[in-house]
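Everything below concerns the one structure shown next.
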Amino acid sequence: MPELPEVETVRRGLQERLPDEIVASVEVRHPSILEGCEPGDLGDLSGFRFARVDRRAKYLLLRMESGEVAKTLVVHLGMTGQLTWKAFDQEVVDKFRRLVSGYRKSTGAHSIDAHTHLVVRTRSGGMLLFRDPRRFGRILLLDGSDENCPRIARLGPDAWRLDARSMAGVLRARSGRRCAKAVLLDQSVVAG
């Protein structure tokens with residue numbers, strides 16, 4: 001599963017390339033990755049502009065707007081998910097490296113294959129691709145911000161934003177009689 005630093009790296013890469021791109025079309029190739037929405041809901045995103053890319057724990061939050069209407073595309077990468085940007089003039093690189101698990105991970109802008117479950121095409125000719133061989137990743141579409149999303153609302157403070165002293169204080173306050181591993185894995189105590 002991608003850990004917090006890897007998800008932050010994906011966020012930073014998308015934040016450099018994605019803002020101000022306008023959605024031309026959305027193709028959902030495997031609807032089981034969607035949670036709480038239908039393929040048609042994502043199809044209605046045509047004309048929306050990507051405003052910024054945020055992260056909350058291991059969730060990527062793609063903020064979009066069209067006039068006064070705001071939407072948030074929430075992406076959880078699961079175990080083998082990849083969210084990549086392919087610019088119009090970028091050459092497709094069908095090179096993969098083997099992971100310890102035996103799965104193959106793309107080393108660049110990959111072509112659309114059987115494991116590419118979401119394709120967002122933009123007016124500039126670029127594509128945002130969600131690829132997940134094991135299909136554990138999830139995509140949610142929220143109206144407005146992520147404040148009302150049950151998955152995100154139950155998360156504790158973000159581990160990336162806590163210093164050592166405040167992290168120790170949170171863990172001490174929430175641990176009770178549980179073992180350290182159970183406390184560290186509890187996302188309601190410290191997220192990420």
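We use all heavy atoms of the structure for the numbers below, so side chains are in, but hydrogens, waters and symmetry mates are not.
The side-chain contact (heavy atoms from CB on, under 4.5 Å) check on Asp20 picks up Arg49, with sequence neighbours excluded. The side-chain contact (heavy atoms from CB on, under 4.5 Å) test applied to Asp44 returns no partner, not counting sequence neighbours. With sequence neighbours excluded, no residue forms a side-chain hydrogen bond (donor to acceptor under 3.5 Å, both in side chains) with Arg138. Not a single side-chain hydrogen bond (donor to acceptor under 3.5 Å, both in side chains) links Ser46 to another residue, sequence neighbours left out. Listed by chain and residue number, Arg151 satisfy the side-chain hydrogen bond (donor to acceptor under 3.5 Å, both in side chains) test with Glu35 (two or more places apart in sequence, or in another chain). By the side-chain contact (heavy atoms from CB on, under 4.5 Å) test, Pro39 pairs with Val28, Pro31, Leu34, sequence neighbours left out. Take Arg123 and apply the side-chain hydrogen bond (donor to acceptor under 3.5 Å, both in side chains) test, not counting sequence neighbours, and it matches no residue. With sequence neighbours left out, Arg52 forms a salt bridge (Lys or Arg N to Asp or Glu O under 4.0 Å) with Asp54. Remark: Glu27 pairs with Arg29, Val119, Arg121 by the side-chain contact (heavy atoms from CB on, under 4.5 Å) rule, at least two apart or across chains.
Under a 3.5 Å cut-off, the side chain of Arg55 and the backbone N or O of Ala57 do form a donor-acceptor pair.
Among pairs with a residue in residues 31-62, those fulfilling ring-ring contact (aromatic ring centres under 6.0 Å, His included) read Tyr59-His76, at least two apart in sequence or across chains. Counting only residues at least two apart or on different chains, the ring-ring contact (aromatic ring centres under 6.0 Å, His included) pairs with a member in residues 111-136 are His30-His117. Sorted by first and then second residue, the salt bridge (charged side-chain N to carboxylate O under 4.0 Å, His left out) pairs with a member in residues 75-85 form an empty list; sequence neighbours excluded.
Among Gln15, Glu8, Glu16, the one residue that satisfies the side-chain hydrogen bond (donor to acceptor under 3.5 Å, both in side chains) test with Arg12 is Glu8.
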